[in-house]
Amino acid sequence: MDILAELNPAQREAVEAIQGPVLILAGPGSGKTRVIAHRVAYLIKVCGVSPYRIIAVTFTNKAAREMTDRLTRLVSGSVGDLTLGTFHAICARILRRDGRSISVDPKFVIYDDEDQLSLLKRSIQEVGLDPKQYAPRAIASAISAAKSRMLTPQDCLKRSRSYFEEVVGRVYERYQQLLAEGSALDFDDLLMKVVLLFRNNPEILAKYQTRYQHVLVDEFQDTNLVQYELVRQIGAKYRNICVVGDPDQSIYSWRFADLRNILSFEKDYPEAKIVFLEQNYRSTQRILETASNVISVNQQRKPKELWTDNEEGELTTVVEAYTEMEEAQFVVNEVERLVGNGEASLGDCAVMYRTNAQSRALEEAFMRYGVPYKLVAGTRFYERREVKDIIAYLRLIQNPNDSISLLRIINVPQRGIGQRSLSELSGWARAKNIPEYQALKMATEPELEELPPLNPRIVRAMAGFLKLTEELIAANKKLNLVELLDSVLERTGYKEYVLNQPNGEERWENVLELRTVAQDYTDLKPGEGLTAFLEGVTLVSDVDGLDESVAAVTLITLHQAKGLEFPVVFIVGMEEGLLPHFKSFDDAEQMEEERRLCYVGITRAKRRIYLVRAFHRSLMGRTGTTIPSRFLADIPSHLVSSGGLWAGEESQIAEAIYAWDKIRSPAVTTPELKAGDHVRHPQFGDGVVVNCQEVKDDREAIVVFSGWGLKKLLLSLARLEKIE
DNA sequence: CGAAAGGCTCTTTTT
DNA sequence: GAGCCTTTCG
């Protein structure tokens, strides 16, 4: 098979440029995944590079799986030695192998968000603060921001400039101590620790640098600083780094992804070859045009000319339903209609939305009409209480110092060890600076002088739990994973316990489902299967479970939809407050990201796109009138099939009560501005107003900023501050 | 000790 | 509307 044959000139250029750094800027549907796959295949087949010397990073495990499939076909053989996976999965592997030198226990467990939050609450308390006063989520986010910039607690404390930052620094410090004590890492640690490992151990870094002759990174626009640094470190020796991305599809800034990575790449690798992929193979002309009109409003963007040879296609359908129930009903009916007249199959259709909560009304409608659907939320399964309980037992077997897991299940099923006794134990453990499990061991030693003040009955219960755990730990040395899991279920009496809970049957089904997942690991040696399984279930991403072969409509968030494509796409909730989300209202940059999100959604569609909204929507208990998303207004009418409803929108915008105004943070008072006024902008700095005029129901100022030039800014969005 | 009920807050996107 | 926490009662 000729690997270059089926590529267009630009794609071919991107594949053949194997020497030195390459930046591929690729529009939606321009075949970037294809370019990566072909490039790897080209390296292996044509250039004779061993797969062992190639590392390719994808955004999800699913993308990695698909890449493997594609490659196996392209090179007609196995690519087993290839390093392929998400940053997190790859880093976890590196740390298990080489983490010892920075005191990462190879038996570490990975904490998910829920575990992280529990540990954080504990850390907040332990530094003498009240978790109610310092929202653990806000602190979690601040710590994550720090880690994505590779800042240690000490760095944070040193540079803290406010009381909150100091609090973050102190909590962060304790949080890391507790993680270390329990041999646990959070998601961000996986990345940051590898960077630190490489920094402190040049010989280990050299090993990886020498091994990886070629580095490839997909979805580069959504990488953050640690990830950039990792790529830089690993690729430093050969500099054969190929990154692929699209600034217009950058939608993860809240995870500290930084678009500036693309600019840094051009700066750090001045010799980089830059390839533009602008031909779209996915969508009809009209879909592409709709999308372009939406995205071109963004100010912070390099204009890009996307084009396609595909047919003109259908008009964009804009629909207004009365309520969210009717919105869902419209989608279901329309799917049935399309499937009925043979225009599409169930699997061709996807419904996309901004927030997970929106899936509910949709699910109900699909269920009521008996239309098969699949909800993309793989991680949701692993968040279920019963599933997490079992995983906690398994984690405890792998690493008994994992106190979060221990506290989760020490009394599940009930063993008569209550909250009071547990805080006694925890306090005692903390005083001795040991994990709970070690404290448990000591507390149940009858000959010990200094015992925690516990009731003998409780001590007996604790000893029983300890004995159970020790036996399971021993069992892990000779049983395979499923045998071990069965042994957990049997020894704990979990089945009887869960069946007595509300929805017991369903929950037990979930446990059995988990057991099915575990079966994939039975071939591994005792112990190893457990490690691999625990890593697998923690690093799953939502789309990983998406199975294209199932004939059902896909319900998916806009974020999850990145990288996917469907012949028919419905985007629901096209309303102010939802898309764009109201959290972004007072920040021009975030607003641009909302727009990109909308763009990502539209460009998933191959043949048909529906933009749907509800006139009434209930949120937070309240029902409110909505107004159409501003993004709808950017689509020229010649591209829209006017469902009659759309025509009357203009007057509605004026009349509609802006339901979100009540929730929205107090409107930034827009200053009266005239030409010559000096203003300050959070991003552009100080500038001078050139002009200011009324537009629709807003005012638009044209301001010149030094270093940025002229900017058009809507006063309701841009946080302009008048300065004297 | 444990279950149940009531009250509170916060509502985005996820590896 | 949900999840989390606290309170209350058996």
Side-chain angles (χ1 to χ4, degrees), chain A residues 57-64 85-92 110-114 116-118 121 130-133 135-138 140-141 144 147-148 185-191 219 222-224 226-227 250-257 352-361 376-380 382-383 385 411-422 455 457-458 461 500-502 535-544 556-562 573 577-585 587 590 593-594 596-598 600-601 618-623 660 663:
Chain A
V57 188
T58 57
F59 197 69
T60 63
N61 299 300
K62 177 169 179 277
T86 63
F87 275 109
H88 291 88
I90 290 172
C91 286
I110 303 167
Y111 277 178
D112 66 16
D113 278 3
E114 194 189 334
Q116 184 191 22
L117 224 50
S118 319
K121 278 181 197 155
D130 178 5
K132 270 187 227 120
Q133 211 156 1
R137 271 175 202 291
S141 172
S144 179
K147 287 184 177 177
S148 69
L185 299 178
D186 67 17
F187 286 134
D188 298 310
D189 281 337
L190 293 174
L191 310 178
E219 307 285 8
D222 284 319
T223 54
N224 61 25
V226 206
Q227 293 167 337
S250 137
I251 53 175
Y252 281 93
S253 71
W254 49 274
R255 238 169 64 184
F256 311 104
M352 302 179 184
Y353 36 82
R354 176 67 230 268
T355 68
N356 281 304
Q358 289 170 264
S359 68
R360 204 193 177 98
V376 178
T379 62
R380 289 301 152 89
Y382 295 103
E383 283 166 14
R385 197 187 303 161
N411 202 34
V412 177
Q414 291 90 335
R415 300 187 174 88
I417 307 170
Q419 211 50 63
R420 282 268 302 279
S421 323
L422 282 179
N455 180 321
R457 195 183 76 235
I458 308 282
N500 281 322
Q501 302 282 312
E535 199 157 297
V537 300
T538 317
L539 295 180
V540 277
S541 60
D542 285 310
V543 290
D544 291 346
I556 191 168
T557 65
L558 287 162
H559 282 90
Q560 293 164 349
K562 190 179 69 164
L578 225 38
L579 185 66
H581 196 271
F582 66 88
K583 284 262 178 184
S584 307
F585 277 0
D587 183 323
Q590 280 192 55
E593 184 151 315
E594 296 289 312
R596 291 194 291 270
L597 198 50
C598 185
V600 166
S618 59
L619 248 136
M620 294 176 264
R622 292 192 86 89
T623 304
W660 305 100
I663 323 162

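FYI, side chains are in, hydrogens and waters are out, and symmetry mates aren't considered; it's all heavy atoms of this structure. Quick note on labels: first sequence line is chain A, next is B, and so on, each numbered from 1.
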With DNA chain B as reference, determine whether A:E593 or A:G416 sits nearer its 5' end, using the nearest nucleotide of each. A:G416

Considering only heavy side-chain atoms of A:Q414, the closest of B:dT15, B:dG2, B:dT13 is B:dG2

Classify the ring geometry of A:F582 against A:F585: parallel below 30°, tilted from 30° to 60°, perpendicular beyond 60°. perpendicular

Which residue in the set A:N224, A:D189, A:D188 passes side-chain hydrogen bond (donor to acceptor under 3.5 Å, both in side chains) when paired with A:K147? A:D189

Please give, in whole Å, the distance from C:dG3 P to A:R385 CZ? 9 Å

Which nucleotide, in any strand shown, forms a Watson-Crick or G-U wobble pair with C:dC9, with both distances under 3.5 Å? B:dG2

When you check the phosphate oxygens OP1 and OP2 of B:dC1, does a side-chain N or O of A:S421 lie under 4.0 Å from one of them? yes

Does the side chain of A:R360 get closer than 4.0 angstrom to OP1 or OP2 of C:dA2 through an N or O atom? yes

P atom, C:dC4 versus B:dT13: distance in rounded Å? 15 Å

Just call it for A:D186: base, sugar-phosphate, or nothing, with non-hydrogen atoms closer than 4.0 Å on any strand. nothing

Can you check the A:Q358 CD to C:dG1 C1' distance for me, whole Å? 15 Å

How are the rings of A:F187 and A:H88 set to each other: parallel, tilted or perpendicular (split at 30° and 60°)? perpendicular

Applying the 5.5 Å / 30° rule, does A:W254 stack onto the base of B:dT13? yes

Roughly how many Å is it from NZ in A:K583 to C1' in B:dT13, rounded to a whole number? 12 Å

For the pair made of CD in A:Q560 and C1' in B:dT13, what is the distance, rounded to whole Å? 9 Å

From the set C:dG1, B:dT15, B:dC1, return the single nucleotide nearest to any side-chain atom of A:D113. B:dT15

Nearest whole angstrom, please: distance from the C1' of B:dT15 to the CD1 of A:I251. 13 Å

Would you kindly compare A:R415 and A:A89 by the position of their nearest DNA chain B nucleotide and give the one closer to the 5′ end? A:R415

Using whole Å, report how far NZ of A:K121 lies from C1' of C:dC5. 9 Å

